[in-house]
Amino acid sequence: MLFTRVTGSTNEWAKELARLGASEGTITISETQTHGYGRNMRKWVSPNGGLWFSLILRPELRPREAQKLAFVAGLAVAEVLYELYGLRTETKWPNDVLVNGRKICGILSEMCTYGDKTSFVIVGIGVNASFDPGVLPKLIRPVVTTLKNELGRSIQLEQLLKALLEKLETLYNLFIKKGFNPILREWKIHATFLRKMVEVSDQCKSMCGLAWDIDQEGALILKLHDGTLKRFIAGSVSTCKSEV
Ligand code: BTN
């Protein structure tokens, strides 16, 4: 485990190490990140008190399978937040964990592949842990929460990290041995957005419909008002603004 006080991004750091041959299980962790980022290269604000870390994995899986590791990480966070703090979390497609509708954790999995093989996967996890949401930019405050805010007290980052790493190991082994089904089944139990009207946006368009299911590939199936099913392999989900 490699720890520092400040780095640009633990994902970038982990990627550098992985390219140099770092083994599976190597972890980069930093107290703060100056250039933390999320999906679509969105800035991820990473103040002191958060848990910002990245894990190097080298699964012997095809890239199509390896990309499902983000679900493994989301489920690990959801289960640990319940087991340690009794928090009921929601998993939101594709890879967020929410409490009371606000984001408490973001997951960014990045892959390096060659042909049909996976060289390594970096699973980056950011938990808004022991800081006040007030330190975050005003614009994102309404959609974000922290463990400190939900619990009304500070938490021990070391305890959270240890529990998360143990859970990740357990669920990763389950995924490798038994495949995606048991992971997806549990993930869906937390997926309160399913069977609700949502708006799905990807790079090109946004569409409202009923969040119907998540399929075996981790894609979101949306049921449109005319009953047709539309499949999304990437994008983000929000509350539907227009009536359908
Ligand atoms: C998202 O919600 O878009 C994903 C956010 C992922 C943030 C974590 S914090 C640790 C790791 N380092 C990064 O730069 N990003 C991830």
Side-chain angles (χ1 to χ4, degrees), residues 4-13 28-54 70 73-74 77-78 80-82 84-110 123-157 160-161 164 190-193 196-208 211 220 232 234-243:
T4 187
R5 292 201 183 281
V6 189
T7 191
S9 151
T10 58
N11 260 41
E12 282 299 320
W13 186 12
T28 54
I29 171 161
S30 184
E31 269 180 23
T32 58
Q33 302 182 113
T34 53
H35 292 81
Y37 59 95
R39 290 187 310 119
N40 303 322
M41 292 310 283
R42 272 196 292 259
K43 185 176 165 60
W44 181 264
V45 187
S46 319
N48 234 295
L51 184 60
W52 323 121
F53 72 100
S54 306
V77 173
V80 164
L81 296 191
Y82 181 68
L84 283 187
Y85 314 114
L87 278 180
R88 300 245 174 231
T89 53
E90 304 145 50
T91 47
K92 194 177 102 178
W93 185 83
N95 49 16
D96 292 343
V97 182
L98 315 181
V99 174
N100 295 321
R102 292 171 171 207
K103 187 150 157 172
I104 203 150
C105 169
I107 291 154
L108 178 68
S109 110
E110 298 183 282
V123 180
I125 301 184
V127 185
N128 297 327
S130 225
F131 61 88
D132 290 311
V135 304
L136 297 172
K138 248 191 179 149
L139 207 65
I140 60 169
R141 271 183 231 161
V143 292
V144 169
T145 191
T146 68
L147 285 172
K148 189 174 180 193
N149 189 45
E150 295 300 322
L151 301 172
R153 65 175 169 91
S154 298
I155 60 112
Q156 273 192 334
L157 289 179
L160 175 58
L161 177 66
L164 271 175
H190 299 270
T192 49
F193 71 95
K196 291 199 179 121
M197 293 304 292
V198 296
E199 181 165 357
V200 187
S201 313
D202 64 15
Q203 306 281 40
C204 323
K205 57 189 176 303
S206 65
M207 223 174 249
C208 275
L220 171 66
F232 288 82
S236 57
V237 165
S238 56
T239 315
C240 199
K241 286 168 214 95
S242 55
E243 277 299 311

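Residues: numbered from 1 along the sequence shown. Quick caveat: nothing in here was measured; it's all calculated off a predicted structure.
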Q: Measure from the side-chain N and O atoms of Lys103 to the backbone N and O of Asp96, and report whether any donor-acceptor pair falls under 3.5 Å.
A: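 Checked: no pair found.
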Q: Measure from the side-chain N and O atoms of Trp52 to the backbone N and O of Gly124, and report whether any donor-acceptor pair falls under 3.5 Å.
A: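 Between the backbone of Gly124 and the side chain of Trp52 there is no qualifying donor-acceptor contact (under 3.5 Å).
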Q: Would you confirm whether Ser238, through its side chain, and Ser236, through its main-chain N or O, come within 3.5 Å as a donor-acceptor pair?
A: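 Checking the backbone N and O of Ser236 against the side chain of Ser238, no donor-acceptor pair under 3.5 Å is found.
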Q: Can you check side-chain contact (heavy atoms from CB on, under 4.5 Å) on Trp13 and Thr4, steps first, answer last?
A: CA-CA 11 Å; Trp13 186 12; Thr4 187; 3.5 Å; yes
Q: Could you tell me if the side chain of His190 sits less than 4.5 Å from the side chain of Tyr82, heavy atoms only?
A: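 No, their side chains stay 4.5 Å or more apart.
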Q: With rounding to the nearest 0.5 Å, note down the distance linking CZ in Arg42 to CD1 in Ile140.
A: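 Result: 11.0 Å between the selected atoms.
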Q: For a side-chain contact (heavy atoms from CB on, under 4.5 Å) check, start with the C-alpha distance between Leu147 and Leu81, then their side-chain angles and the critical distance, and finish with the verdict.
A: CA-CA 9 Å; Leu147 285 172; Leu81 296 191; 4.0 Å; yes
Q: Side chains of Arg39 and Asn95: donor-acceptor distance under 3.5 Å anywhere?
A: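 There is such a pair (donor and acceptor under 3.5 Å, judged by atom type) between the side chains of Arg39 and Asn95.
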Q: For the CD atom of Glu31 and the OG1 atom of Thr10, what is their distance to the nearest 0.5 Å?
A: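 Answer rounded to 0.5 Å: 13.0 Å.
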Q: Who are the side-chain hydrogen bond (donor to acceptor under 3.5 Å, both in side chains) partners of Thr28, not counting sequence neighbours?
A: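 Not a single residue meets the side-chain hydrogen bond (donor to acceptor under 3.5 Å, both in side chains) criterion with Thr28.
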Q: Taking the side chain as C-beta and beyond, is there a heavy-atom pair between Ile155 and Leu84 under 4.5 Å?
A: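 A side-chain contact under 4.5 Å is absent here.
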Q: Can you confirm whether Pro94 sits close enough to Leu220 that some side-chain heavy atom of one is under 4.5 Å from a side-chain heavy atom of the other?
A: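 No. Closest side-chain heavy atoms not under 4.5 Å.
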Q: Where is the tightest heavy-atom contact between Ala129 and Thr146, given as atom of each residue plus distance?
A: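 Looks like O-CB, 3.6 Å.
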Q: Within this structure, what is the OG-NE2 distance for the pair Ser46 and His35, rounded to the nearest 0.5 Å?
A: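 Between Ser46 OG and His35 NE2, I get 11.0 Å after rounding to 0.5 Å.
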Q: Quick one: does Thr145's side chain have a donor or acceptor within less than 3.5 Å of a partner on Arg102's backbone?
A: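 Flag not set: sc Thr145 to bb Arg102 has no pair under 3.5 Å.
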Q: Phe53 and side-chain contact (heavy atoms from CB on, under 4.5 Å): which single residue from Val123, Leu157, Ile125, Asn11 fits?
A: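 Option passing the side-chain contact (heavy atoms from CB on, under 4.5 Å) with Phe53: Ile125.
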Q: Is the shortest side-chain heavy-atom distance between Asn149 and Asp132 below 4.5 Å?
A: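 Of all side-chain heavy-atom pairs linking Asp132 with Asn149, none is under 4.5 Å.
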Q: In terms of heavy-atom contacts, does CZ of Arg88 have more than 12 from other residues, nucleotides or ligands at under 6.0 Å?
A: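 12 or below, so no.
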Q: Could you go step by step and tell me if Val77 and Thr91 meet the side-chain contact (heavy atoms from CB on, under 4.5 Å) rule?
A: CA-CA 9 Å; Val77 173; Thr91 47; over 6 Å; no
Q: Which heavy atom of Glu110 sits nearest a heavy atom of Tyr37, and at what distance?
A: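 Residues Glu110 and Tyr37, closest heavy atoms: OE1-OH, 2.8 Å.
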Q: With distance as the sole test, does Ser30 use its side chain to make a donor-acceptor pair with the main-chain N or O of Gln33 at under 3.5 Å?
A: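 Looks like no, no N/O pair under 3.5 Å.
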Q: Minimum heavy-atom separation for Cys105 and Val127, please, with both atom names.
A: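 Closest pair (atom of Cys105, atom of Val127, distance): SG-CG2, 4.3 Å.
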Q: Minimum heavy-atom separation for Val99 to Glu90, with atom names?
A: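 Taking Val99 first and Glu90 second, the nearest heavy atoms are C-OE2, 4.1 Å.
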Q: Cys240 pairs by side-chain contact (heavy atoms from CB on, under 4.5 Å) with which of Met197, Lys196, Met207?
A: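 Option passing the side-chain contact (heavy atoms from CB on, under 4.5 Å) with Cys240: Met197.
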Q: Return yes if some donor-acceptor pair links the side-chain N/O of Thr32 with the main-chain N/O of Arg5 below 3.5 Å, else return no.
A: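 Such a contact is found between Thr32 side chain and Arg5 backbone.
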